[in-house]
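Please read these numbers as outputs of a predicted model, since none were measured by experiment.
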Amino acid sequence: MRKIIQILLFLLVANVYAQANKQDVLKMQAEKMAKAFINNDFETFVKYSNPRLVQMIGGSNKMIEVLKKSVLDMKSQGMIFESITFIEPTKVISSGSELQSTIQQITKVKTVNGGIVSKSTLVAISTNKGLNWTFIDTNNKDMVTIKKLLPNLSSNISIPKQVPDKYY
């Protein structure tokens with residue numbers, strides 16, 4: 001009986017560690033994606049973008065072109081991305097052959113009139129057991145659009161309602 005309890009405890013601890021490790025990798029990769037965006041390294045940024053979104057935009061090269069133009073347009077209007085940070089990801093769940101989670105993103109943009117703090121939710125998807133994650137921002141997307149992009153999205157994934165931007 002004691003041996004069974006030890007085995008169960010070991011499995012419980014191993015499961016908790018595996019869950020935490022997947023969340024750590026998810027957050028680390030989200031941070032790499034954000035750093036790439038801030039540094040205008042759009043080639044790296046696209047590697048962390050959900051492949052269905054990249055495909056919908058017209059492929060990696062087209063997405064890079066769109067990102068460069070968007071950032072240049074924003075800069076010409078006096079807007080600069082200052083920082084992108086993350087809150088801890090939600091529990092990683094399995095849905096078919098995917099692992100899924102969400103992570104809250106906080107973006108600060110400097111403007112000529114002060115700044116904007118925006119909070120949004122990213123859906124994180126891994127198709128290789130949590131080794132690599134791709135992300136899609138749910139900001140300004142309804143559930144119909146999100147389900148088109150992520151048809152395997154689990155009903156257990158909760159996407160909080162978008163909160164208004166804060167100005168400073």
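- Residue Ile93 holds its CD1 atom at 5.0 Å from CG of Asn156, rounded to the nearest 0.5 Å.
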Result block: side-chain N/O donor-acceptor pairs under 3.5 angstrom for residues 96-103, not counting sequence neighbours:
unit_1: Glu98; atom_1: OE1; unit_2: Gln100; atom_2: NE2; d: 2.8
unit_1: Gln100; atom_1: OE1; unit_2: Ser154; atom_2: N; d: 2.9
unit_1: Gln100; atom_1: NE2; unit_2: Asn152; atom_2: O; d: 2.9
unit_1: Ser101; atom_1: OG; unit_2: Thr90; atom_2: O; d: 2.7
unit_1: Ser101; atom_1: OG; unit_2: Thr90; atom_2: OG1; d: 3.1
unit_1: Thr102; atom_1: OG1; unit_2: Thr90; atom_2: OG1; d: 3.1

Determine, stepwise, if the pair Ile136 / Leu122 fulfils side-chain contact (heavy atoms from CB on, under 4.5 Å).
-> CA-CA 5 Å; Ile136 187 164; Leu122 304 183; over 6 Å; no

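- A salt bridge (Lys or Arg N to Asp or Glu O under 4.0 Å) check over residues 56-77, counting only residues at least two apart or in different chains, returns the pairs Lys62-Glu65, Lys69-Asp73.
- Counting only heavy atoms from C-beta outward, the side chains of Val46 and Thr44 never approach each other to under 4.5 Å.
- If you take OG1 on Thr138 and CD1 on Ile157, they are separated by 11.0 Å, rounding to the nearest 0.5 Å.
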Give every donor-acceptor pair under 3.5 Å between a side-chain atom in residues 110-121 and any protein atom, sequence neighbours left out.
unit_1: Thr111; atom_1: OG1; unit_2: Asn113; atom_2: N; d: 3.2
unit_1: Thr111; atom_1: OG1; unit_2: Gly114; atom_2: N; d: 3.2
unit_1: Thr111; atom_1: OG1; unit_2: Gly114; atom_2: O; d: 3.3
unit_1: Ser118; atom_1: OG; unit_2: Asp165; atom_2: OD1; d: 3.1
unit_1: Ser120; atom_1: OG; unit_2: Asp137; atom_2: OD1; d: 3.3
unit_1: Ser120; atom_1: OG; unit_2: Asp137; atom_2: OD2; d: 3.3
unit_1: Thr121; atom_1: OG1; unit_2: Gln104; atom_2: NE2; d: 2.5

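- Taking OH from Tyr48 and NZ from Lys32, the interatomic distance works out to 4.5 Å, rounded to the nearest 0.5 Å.
- Residues Val66 and Val109 are members of one and the same hydrophobic cluster, defined by side-chain heavy-atom contacts under 4.5 angstrom among Ile, Leu, Val, Met, Phe, Trp and Tyr.
- Put simply, CG on Asn40 and CG on Leu67 are 9.5 Å apart, with the number rounded to the nearest 0.5 Å.
- Within 6.0 Å of NZ on Lys35 lie no more than 12 heavy atoms contributed by other residues, nucleotides or ligands.
- With sequence neighbours excluded, no residue forms a side-chain contact (heavy atoms from CB on, under 4.5 Å) with Lys129.
- At a cut-off of 3.5 Å, with distance as the only test, no side-chain donor of Asn140 or Gln162 sits close to an acceptor on the other residue.
- For the pair Asp142 (side chain) and Val144 (backbone), a donor-acceptor distance under 3.5 Å is present.
- Checked against side-chain hydrogen bond (donor to acceptor under 3.5 Å, both in side chains), Ser94 has no partners two or more places apart in sequence or in another chain.
- The number of heavy atoms from other shown groups lying within 6.0 Å of CG (Asn61) does not exceed 12.
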May I have the list of side-chain donor-acceptor pairs in residues 77-85 shorter than 3.5 Å, sequence neighbours left out?
unit_1: Glu82; atom_1: OE1; unit_2: Tyr168; atom_2: OH; d: 2.8

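- Within the 3.5 Å criterion, the main-chain N or O of Phe86 finds no donor-acceptor partner in the side chain of Gln105.
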Which atom pairs, one a donor and one an acceptor, fall under 3.5 Å between side chains of residues 50-60 and the rest of the protein, sequence neighbours left out?
unit_1: Asn50; atom_1: OD1; unit_2: Arg52; atom_2: N; d: 3.0
unit_1: Arg52; atom_1: NE; unit_2: Leu149; atom_2: O; d: 2.8
unit_1: Arg52; atom_1: NH2; unit_2: Lys148; atom_2: O; d: 3.3

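- With sequence neighbours excluded, the residues satisfying side-chain contact (heavy atoms from CB on, under 4.5 Å) with Leu131 are Asn128.
- Counting non-hydrogen atoms of neighbouring residues, nucleotides and ligands closer than 6.0 angstrom, the NZ atom of Lys141 exceeds 12 such neighbours.
- When every heavy atom of Pro160 is checked against every heavy atom of Ser158, the shortest pair comes out as CD-O, 3.6 Å.
- Considering only residues two or more places apart in sequence or on other chains, Ser70 meets the side-chain hydrogen bond (donor to acceptor under 3.5 Å, both in side chains) condition with none of them.
- For the salt bridge (Lys or Arg N to Asp or Glu O under 4.0 Å) test, residues two or more places apart in sequence or in another chain that qualify with Lys27 are Glu88.
- By the rule that hydrophobic residues join a cluster once side-chain heavy atoms approach within less than 4.5 Å of another member, Met74 and Ile38 end up as members of one cluster.
- In this structure, CE on Met33 lies 14.5 Å from NZ on Lys47, to the nearest 0.5 angstrom.
- Residues forming a ring pair (Phe, Tyr, Trp, His ring centres under 6.0 Å) with Phe45 (at least two apart in sequence, or on another chain): Phe37.
- The ring-ring contact (aromatic ring centres under 6.0 Å, His included) contacts involving residues 96-142 comprise nothing, where partners must be two or more places apart or lie in separate chains.
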